[in-house]
Chemist: 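Take a look at the following structure, please.
Just so you know, these numbers come straight off a predicted model, no measurement behind them. Chain naming here is simple, since letters A, B, ... match the order of the sequence lines and numbering starts at 1 in each.
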Amino acid sequence: MIPDRPVPGTPLARSFYARPSRVVAPALLNKVLVVGVRAARIVEVEAYAGADDPASHAYRGQTARNATMFGPPGSLYVYFAYGMHWCANAVCSPAGSSSAVLLRAGAPLAGLDSMYAMRPVARRDRDLCSGPAKLCQAFGIDRSFDGRDLVDEDQPVTIVDDGTPPPRRPGRSPRIGLSVAVDVRWRWFVPGDPNVSRPQ
DNA sequence: ACCGGGATGTTCT
DNA sequence: GAACATCCCGGTG
């Protein structure tokens, strides 16, 4: 039977993810993250590479924390940051290349009531998913989601294409919150979207 | 609106 | 012991 989805769409195929993260990242803009009844359009992403990217968790090789980055493309890599936040990435490229796309912000589409329940501090819709840790909090994404397959419809989390193309001319900037590789412009966002996490 | 500091704990040096 | 792919709150203007 076909599971109920708040937004009609087709899960992205594994071949979509099996490319370098800097190629996958802008292509993920306007795709839709779905967890149960919750859905949000992805409006901001960042690409992280592997051994050649000092800002990447994979820079110093595989550890228990980043093991999912070294697994198959199309997996969700979830990590714990600053002692209290979760952040989610889509793993890219062939297994072993360890690159990923950080999901930084989304525009809420469905399940907003349950998102507000997960984020009591939110006062407006734009407070729900306008940052990588807010997004995970709104969706209830935590360590138990690490390593989940985004491609398999039977998994609790997926990314679907509802027919909305990425922006023809996405916004672009250096990545946020880094102390190294600060000149690498691997952040992309949907211009003008109020859910983007930082001023454009 | 903008800015500064504190929370909080895992990971790595 | 320091760094950290962040967020929230309370100050000020």
Chemist: Tell me the interatomic distance from A:R123, atom CZ, to C:dC7, atom C1', rounded to whole angstroms.
Modeler: 16 Å
Chemist: Specify the separation, in whole Å, of atom NE2 of A:H85 and atom P of B:dT11.
Modeler: 16 Å
Chemist: Is A:H57 near enough to C:dA5 that one of its side-chain N or O atoms lies under 4.0 angstrom from OP1 or OP2?
Modeler: yes
Chemist: Between A:W86 and A:F80, does the ring centroid distance fall short of 6.0 Å?
Modeler: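 Yes, close enough.
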Chemist: The side chain of A:R60 is closest to which nucleotide in this list: C:dT6, B:dT13, C:dC8?
Modeler: B:dT13
Chemist: Pick base, sugar-phosphate or nothing for A:A133, based on heavy-atom distances below 4.0 Å to the nucleic acid.
Modeler: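 Answer is sugar-phosphate: A:A133 comes under 4.0 Å of backbone atoms only.
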Chemist: How long is the straight-line distance from OG of A:S98 back to CG of A:N66, given to the nearest 0.5 Å?
Modeler: 8.0 Å
Chemist: Let me know, please, whether A:A58 or A:D127 comes out on the 5' side of the other along DNA chain C by nearest nucleotide.
Modeler: A:A58
Chemist: Between A:R198 (CZ) and C:dA5 (P), how many Å, whole number?
Modeler: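 After rounding, the reported distance stands at 13 Å.
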Chemist: Could a donor-acceptor pair under 3.5 angstrom be found where the side chain of A:Y79 meets the base of C:dA5?
Modeler: yes
Chemist: I'd like to know if the side chain of A:N89 reaches the main chain of A:V91, judged simply by a donor and an acceptor atom lying under 3.5 Å from each other, with no hydrogens or angles considered.
Modeler: no
Chemist: Does A:P11 offer a backbone N or O that forms a donor-acceptor pair with the side chain of A:E153 under 3.5 Å?
Modeler: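 Between the backbone of A:P11 and the side chain of A:E153 there is no qualifying donor-acceptor contact (under 3.5 Å).
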Chemist: For A:R143 and B:dG9, what is the distance between atoms CZ and C1' respectively, to the nearest whole Å?
Modeler: 12 Å
Chemist: Please determine whether a side-chain nitrogen or oxygen atom of A:R104 lies at a distance below 4.0 Å from atom OP1 or OP2 of C:dT6.
Modeler: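 For A:R104, the contact criterion (side-chain N or O under 4.0 Å from OP1 or OP2 of C:dT6) is met.
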Chemist: Tell me which nucleotide among B:dA7, C:dC7, B:dT10 gets nearest to the side chain of A:F80.
Modeler: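 Minimum distance to the A:F80 side chain belongs to B:dT10.
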Chemist: A:Y48 on top of C:dA5's base, within under 5.5 Å and under 30°?
Modeler: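 So yes, this residue stacks on that base, both cut-offs being met.
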Chemist: Can you check the A:M69 CE to C:dA5 P distance for me, whole Å?
Modeler: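 Atom-to-atom, A:M69 to C:dA5, this comes out as 11 Å.
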Chemist: Please give, in whole Å, the distance from B:dG9 P to A:D142 CG?
Modeler: 16 Å
Chemist: Take the protein atom CE of A:M84 and the nucleotide atom C1' of C:dC8, then report the distance between them rounded to whole Å.
Modeler: 9 Å
Chemist: Tell me whether the OP1 or OP2 atom of B:dT11 has a side-chain N or O from A:T63 closer than 4.0 Å.
Modeler: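 It does not, given that no N or O in the side chain of A:T63 lies less than 4.0 Å from OP1 or OP2 of B:dT11.
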Chemist: Could you state the atom-to-atom distance from CG of A:L178 to C1' of C:dT6 in whole Å?
Modeler: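 That distance rounds to 12 Å.
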Chemist: Between A:D113 and A:R38, does the salt bridge (charged side-chain N to carboxylate O under 4.0 Å, His left out) criterion hold? Intermediate values first, please.
Modeler: CA-CA 9 Å; A:D113 288 350; A:R38 300 172 186 138; over 6 Å; no
Chemist: Under 4.0 Å: is that the gap between some side-chain N or O of A:R187 and OP1 or OP2 of C:dA5?
Modeler: no
Chemist: A:R65 side chain N/O closer than 4.0 Å to the phosphate oxygens (OP1, OP2) of B:dC12?
Modeler: no
Chemist: Can you tell me the Watson-Crick or wobble partner of B:dT8, both distances under 3.5 angstrom?
Modeler: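 The base-pairing partner of B:dT8, which may sit in any strand shown, does not exist here.
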